[in-house]
Visitor: 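To start, I am sharing the structure in question, which I have written as structure tokens.
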Amino acid sequence: MTTMTDQPGTAEAAPPLKLPRPYNLTTTTVLAVGSLVILVPLYFILAMSLKTGANSGAGAGFAFPFDAAWGNFSKAWEVVNAPKAFTWSVVISAIAVAGNILIPAMFAWAVVRNWEHKFFRFSFMGLLAGMFIPFVVLVLPQIKLMAKLGLDNPFGVAILHIMFGLAFNSLMFSAYIRNLPVELEESAALDGATQFQIFRKVVFPLLMPMAATVGIFAFLGSWNDYMMPSLIIADVTQQTLPVVQASYRDALQTDLNVAFASYALAMIPAIIGYLIGQRWIIAGVMRGAIK
Amino acid sequence: MSEITRAVEATEALAAGAVDTGVVDTGLPRKKPSLTHYLMVVPALLGFFVFIIVPTIQGMFYSFTDYAGYGDWHFIGWANFAAMFQDPNVGQAYKFTILYAAVTTVLLNVAALYLAVLLNGKARWPNLWKGIYFIPMVLSGLVVAYCFQTLLNISLPKIISWGIIGDGILTNPGWAWLGVVFVTIWATFPGTVIIYLAGLSSIGSDVYEAGELDGAKPFAQFRHLTLPLLAPFVVINTVLGLKGLLNAYDIIVGLTGGGPGNATTSIAMSITGTVTNSDVAYGTAQAMVFFVVTVVLSLLQLGVVKLMGRKS
């Protein structure tokens, strides 16, 4: 590693010399070659989704799809009933994101500001202890319970997505709130603001960076989840994209290319959204790991 | 200091009984909490009680019955638990899940750490590479698994005809688990890399300058500077990673469906599978044992975290 530091370590050194950033060829090459591990499967999906059945049967599926069969996509769109599944996925994710931010934020603020009271302290710890309980441990009674409550539908799944993020998100928010200056809230209180107004107008806006991080994780987890919707939602016409794709796969094992078109349909919006918001998403996720 | 380190520490403090670790001194006299504060904890506590505590207790109850998921039930004592220890399917699920979780954790962290160091290095177009490598983060595990199933079972054997790959690795009872490990790493490594990148960015360049003055070669720098400074992040990744992997479901369902036979059936699949077999009580008994195993493993890991904390 040939490092060129533009900040000399000693005081008597010459003023910092701005050198062009030296690129390391080996690192670049290894990264480029390694990226094939990601890109080749993605290319494979695209190539498969654009082939006719005869075409993909002949080769390994990597050949360039010159005779692009765009019909695969419209067929997949119809069979999967994409608009409906898409709508339910959006509804669940939207509720899950809002709930994953609001409920833990309120909870964490109330707890941190009243830490000296046993009730709040023990509530927080009880919730944290709940972090140890995985979904599979309580899934079987849960299925019954949700049906009994009339929540064996997308709204029930959204509630569960919120509940299983509760402990971790409360922890993230409480760590963040501990670093907020309490003086702002005190002066708002002196000005006659109620506690709820303080939370809404003073505290919550300050929580936005952490809310973005929590929101991104909540969205990805909720949008891509298969286990909970498949087990909880009773009515198949209300199922989410991943579950609909699973049932479609079983129904049409033979029509591989249409199946791949449906996978591409599910992936493309996510990838495009990611490419547009990439910098922002990575920054948000990084913030979760370091402050 | 990272949020997640703090999370690990808070849990550790909890486990150690150090109740007052997080106390914030607001500098104010002890005041009565306002009604608003009580109202703000209600949704979280109520939801937690109804949707997590109640079904957990119900599950404990059912595990001592012969409840099929519907109709009548009777207490049968410890029979479900006794049957479990005789059940080769349950034993296989534990064998597979633990092997899978352990191997994946090790390989995933080695690969992710290497990639994070490369991405943090002086590559040309750093944002392009980050952009490409992090794509799997936004994809559904199930759909990724479906694509890889075709890729590994149908396409790859047409290109490479020898050995276990030629026969389709996922159809080989002895080696299918390795295919599952590979796809899991493919689908989950971005999160691990990002946590390592965050860790690397927290190490100042002055550390390396000092190392260079002392004549440390790149590998020695990695071994004696980067790795010790990243230790908390290794802990985060293994703690978070192992817990997720023990609960593996989506990717395996899509990739092998638990097969061939039951070679790659995870504990989570074994438990949820009892719904369709009308054997819910037996499933809840498995879930309780799995719960205890999870807690014990978590406490063990926290013990390791504590030991490492004392060393540094």
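Keep in mind that the numbers below use all heavy atoms, side chains included, and drop hydrogens, waters and symmetry copies. In what follows, chains carry the letters A, B, and so on, assigned in the order in which the sequence lines appear, proteins first and then strands, with residues in each chain numbered from 1.
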Visitor: Given heavy-atom pairs under 4.5 angstrom as the criterion, report whether the side chain, backbone, both or neither of Ala108(A) touches chain B.
Guide: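 Contact with chain B involves no heavy atom of Ala108(A) at all.
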Visitor: Which atoms of Leu118(B) come close to chain A, meaning under 4.5 Å heavy atom to heavy atom: side chain ones, backbone ones, both, or neither?
Guide: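 Both backbone and side chain.
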Visitor: Quick one: does Val137(A)'s side chain get under 4.5 Å of Thr294(B)'s, heavy atoms only?
Guide: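 When only atoms from C-beta onward are counted, Thr294(B) and Val137(A) do not touch, as no gap falls below 4.5 Å.
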Visitor: Could you report the tightest heavy-atom contact between Pro41(A) and Trp186(B), atom names first, then the distance?
Guide: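 Smallest interatomic distance, heavy atoms only, reads CG-NE1, 3.9 Å.
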Visitor: How far does SG of Cys147(B) sit from CG of Leu42(A), to the nearest 0.5 angstrom?
Guide: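 So the SG of Cys147(B) and the CG of Leu42(A) are separated by 8.5 Å.
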Visitor: Is it the side chain or the backbone of Leu31(A) that comes within 4.5 Å of chain B heavy atoms, both, or neither?
Guide: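 For Leu31(A), heavy atoms of backbone and side chain both lie under 4.5 Å from chain B.
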Visitor: From Leu151(B) CG over to Ile45(A) CD1, what is the distance, rounded to the nearest 0.5 angstrom?
Guide: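 Those atoms lie 8.5 Å apart.
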Visitor: Would you mind reporting whether Val30(A) and Tyr114(B) have side-chain heavy atoms less than 4.5 Å apart?
Guide: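 They are in side-chain contact.
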Visitor: To the nearest 0.5 Å, what is the distance between CG (Leu156(B)) and CZ (Phe44(A))?
Guide: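 That separation rounds to 9.0 Å.
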Visitor: Does any N or O in the side chain of Thr28(A) come within less than 3.5 Å of the main-chain N or O of Ala123(B), such that one atom is a donor and the other an acceptor?
Guide: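 Looks like no, no N/O pair under 3.5 Å.
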Visitor: Please report the interatomic distance CG(Leu140(A)) to OG1(Thr272(B)), rounded to the nearest 0.5 Å.
Guide: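 If I round to the nearest 0.5 Å, the distance is 7.5 Å.
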Visitor: Quick check for you: to the nearest 0.5 Å, what is the distance between Leu166(A) atom CG and Ile52(B) atom CD1?
Guide: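 Between atom CG of Leu166(A) and atom CD1 of Ile52(B) there are 7.0 Å.
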Visitor: So Leu256(A) and Ile154(B), side-chain contact (heavy atoms from CB on, under 4.5 Å) or not? Walk me through it.
Guide: CA-CA 11 Å; Leu256(A) 212 51; Ile154(B) 300 176; 4.1 Å; yes
Visitor: Side chain, backbone, both or neither: which part of Phe119(A) has a non-hydrogen atom closer than 4.5 Å to chain B?
Guide: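 Side chain only.
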Visitor: Measuring heavy-atom distances to chain A, does Val117(B) have an atom under 4.5 Å in its side chain, in its backbone, in both, or in neither?
Guide: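 Neither part; nothing is under 4.5 Å.
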Visitor: Quick check: does any side chain N or O of Asn224(A) sit under 3.5 Å from a backbone N or O of Val138(B), one acting as donor and the other as acceptor?
Guide: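 Side chain of Asn224(A) to backbone of Val138(B): a pair is present.
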Visitor: Leu102(A) versus chain B, heavy atoms under 4.5 Å apart: side chain, backbone, both or neither?
Guide: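 For Leu102(A), no heavy atom lies under 4.5 Å from chain B.
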Visitor: Please flag which part of Phe260(A) lies under 4.5 Å from any non-hydrogen atom of chain B: side chain, backbone, both or neither.
Guide: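 Phe260(A) touches chain B through side-chain heavy atoms alone.
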Visitor: With a 4.5 angstrom heavy-atom cut-off, which part of Met60(B) approaches chain A: side chain, backbone, both or neither?
Guide: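 Contact with chain A: none, neither part.
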Visitor: I'd like to verify something: which residue of Tyr67(B), Tyr62(B), Phe134(B) has the highest number of heavy-atom pairs under 4.5 Å with chain A?
Guide: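 The residue among Tyr67(B), Tyr62(B), Phe134(B) with the greatest pair count is Phe134(B).
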Visitor: Heavy-atom distance under 4.5 Å to chain A: side chain of Pro136(B), backbone, both or neither?
Guide: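 Looking at Pro136(B), just its side chain touches chain A.
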Visitor: Do Phe135(A) and Asn247(B) touch side chain to side chain, with heavy atoms closer than 4.5 Å?
Guide: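 No; the side chains remain at least 4.5 Å from each other.
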Visitor: Please round to the nearest 0.5 Å and tell me the distance separating atom CD of Gln195(A) and atom OH of Tyr38(B).
Guide: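 Going from the CD atom of Gln195(A) to the OH atom of Tyr38(B) covers 12.5 Å.
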Visitor: Is chain B contacted by the side chain of Val139(A), its backbone, both, or neither, given a heavy-atom distance below 4.5 Å?
Guide: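 Val139(A) touches chain B through side-chain heavy atoms alone.
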Visitor: Give, as side chain, backbone, both or neither, the part of Thr56(B) having an atom under 4.5 angstrom from any heavy atom of chain A.
Guide: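 Contact with chain A is through both the backbone and side chain of Thr56(B).
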Visitor: Determine whether Val50(B) and Met163(A) make a side-chain contact, defined as any pair of heavy atoms from C-beta on separated by less than 4.5 Å.
Guide: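 Side chain of Val50(B) against side chain of Met163(A), heavy atoms only: no contact under 4.5 Å found.
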Visitor: Is it the backbone or the side chain of Phe222(B) that comes under 4.5 Å from a heavy atom of chain A, or both, or neither?
Guide: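 Looking at Phe222(B), nothing touches chain A.
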Visitor: Okay, side chain of Tyr133(B), backbone of Ser35(A): is any donor-acceptor separation there less than 3.5 Å?
Guide: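 Yes; at least one donor-acceptor contact below 3.5 Å.
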Visitor: Counting heavy-atom pairs under 4.5 Å with chain A, which one of Ser140(B), Pro190(B), Ala210(B) comes out on top?
Guide: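 Most heavy-atom pairs within the cutoff with chain A belong to Ser140(B).
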Visitor: Heavy-atom distances under 4.5 Å only: say whether Leu149(A) touches chain B with side chain, backbone, both or neither.
Guide: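 Just the side chain, heavy atoms under 4.5 Å.
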Visitor: Please state whether the side chain, the backbone, both or neither of Leu39(A) comes within less than 4.5 Å of a heavy atom of chain B.
Guide: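 For Leu39(A), the contact with chain B is made by the side chain alone.
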Visitor: Heavy-atom distance under 4.5 Å to chain A: side chain of Tyr249(B), backbone, both or neither?
Guide: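 It is the side chain, since no backbone atom gets that close.
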Visitor: Under 4.5 Å heavy-atom distance to chain A, tell me which part of Phe148(B) shows up: side chain, backbone, both or neither.
Guide: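 Only the side chain of Phe148(B) comes within 4.5 Å of chain A.
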Visitor: Can a donor-acceptor pair be found, under 3.5 Å and without considering hydrogens, that links the side chain of Tyr274(A) to the backbone of Gly131(B)?
Guide: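 Pair found, side chain donor or acceptor close to backbone of Gly131(B).
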Visitor: How far apart are the closest heavy atoms of Phe48(B) and Gly126(A), and which atoms are they?
Guide: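 Smallest interatomic distance, heavy atoms only, reads CZ-O, 3.6 Å.
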Visitor: Go through the atoms of Ile159(A) and report whether side chain, backbone, both or neither lie under 4.5 Å from a heavy atom of chain B.
Guide: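 The side chain, not the backbone.
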Visitor: Is it the backbone or the side chain of Phe189(B) that comes under 4.5 Å from a heavy atom of chain A, or both, or neither?
Guide: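 Side chain only.
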Visitor: Phe51(B) and Phe164(A): ring pair (Phe, Tyr, Trp, His ring centres under 6.0 Å), yes or no, with the steps?
Guide: CA-CA 9 Å; Phe51(B) 294 103; Phe164(A) 279 89; 9.4 Å; no
Visitor: Given that the side chain runs from C-beta out, which part of Ile162(A) has a heavy atom under 4.5 Å from chain B: side chain, backbone, both or neither?
Guide: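 Neither the backbone nor the side chain of Ile162(A) comes within 4.5 Å of chain B.
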Visitor: Can you tell me which residue among Trp115(A), Phe107(A), Trp109(A), Phe196(A) is in a ring-ring contact (aromatic ring centres under 6.0 Å, His included) with His37(B)?
Guide: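 Passing option: Trp109(A).
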Visitor: Of all the heavy-atom pairs spanning Leu142(B) and Pro242(A), show the shortest one and how long it is.
Guide: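 So the minimum-distance heavy-atom pair works out to CD2-O, 3.3 Å.
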